[in-house]
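This report concerns only the one structure given below.
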Amino acid sequence: MDEQTHEMVRDIIASVPPGKVATYGDIAAIAGLATPRLVGRVLREDGFDLPWHRIIRANGIPATHLLTEQLERLRTEGVLAENYRIDLKRYRWDPPQD
DNA sequence: GAGATGACTGCTT
DNA sequence: CAAGCAGCCATCT
């Protein structure tokens, strides 16, 4: 297993600033993962220590089972959602193009 | 080793 | 705008 990749994913997620959100695809792309599903897997395993509430789907809606939870947490960070949908054009994290 | 599942995405109807 | 379908990788049964 690429422990390093796994670690990078966590690092990237931890790098997302408050008031901003990132999509699974973004995290996967930055981490060099071939599919966003792996991001979800990492979050399920080690997401407890990470701002997982800042990771949302490409359509601006959080993961189904955490939908309300994430929206509530995001709201406290200044990320307001409309009709369970977050305005990506407005809140999407601007990743470091290192 | 084959089949199903999941914190997903993009394209086509 | 909503629903369906295929591609994707790792893990579980």
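Here the structure is a predicted model, which is why all the values come from computation and not from measurement.
Of the candidates B:dC8, B:dG6, B:dA7, the closest approach to any side-chain atom of A:Leu43 belongs to B:dA7. Side-chain proximity of A:Leu38 to the nucleotides B:dT9, B:dA7, C:dA10 is greatest for C:dA10. Checking C:dC8, B:dA7, B:dG6 against every side-chain atom of A:Leu66, the shortest atom distance belongs to B:dA7.
When rounded to the nearest whole Å, the span between NE2 of A:His65 and C1' of B:dG6 equals 9 Å. Atom CG of A:Leu33 is separated from atom P of C:dT11 by 12 Å (rounded to the nearest Å). Going from atom CG of A:Asp46 over to atom P of C:dA10 covers 16 Å, rounded to whole Å. Distance NE2 (A:His6) to P (C:dC9): 18 Å, rounded to an integer number of Å.
Of the listed residues (A:Val79, A:Ile61, A:Thr23, A:Asn59), just one forms a side chain to side chain contact (heavy atoms under 4.5 Å, CB included) with A:Ile86, and that residue is A:Val79.
Within a heavy-atom distance below 4.0 Å of DNA chain C, no residue of residues 13-30 of chain A is found. Of the residues in residues 67-91 of chain A, none has a non-hydrogen atom less than 4.0 angstrom from any atom of DNA chain C.
Side-chain contact check for A:Leu71 versus A:Pro62: some heavy-atom pair is nearer than 4.5 Å. Between A:Pro51 and A:Ile13 there is a side-chain heavy-atom pair separated by less than 4.5 Å.
The minimum heavy-atom distance linking A:Ala63 with A:Tyr24 is given by the pair CB-OH, 3.9 Å. Listed here is the closest heavy atom pair of A:Pro17 and A:Arg54: O-CD, 3.7 Å. The two residues A:Ala31 and A:Val9 have their closest heavy-atom pair at CB-CG2, 3.5 Å. Between A:Leu80 and A:Arg75, the shortest heavy-atom distance links the atoms CD2-CG, 3.7 Å.
Between A:Arg44 and A:Arg37, the residue anchored nearer the 5' end of DNA chain C, judged by the nucleotide with its closest heavy atom, is A:Arg37.
Atom P of C:dA2 sits at a distance of 22 Å from the matching atom of B:dA7, rounded to the whole Å.
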Salt bridge (Lys or Arg N to Asp or Glu O under 4.0 Å) assessment of A:Arg10 paired with A:Asp49: CA-CA 9 Å; A:Arg10 293 192 297 183; A:Asp49 259 347; over 6 Å; no

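Backbone-only contact: A:Arg57 has heavy atoms under 4.0 Å from sugar-phosphate atoms and none from a base.
Salt bridge A:Arg92/A:Asp26: present, at least one basic N to carboxylate O contact under 4.0 Å.
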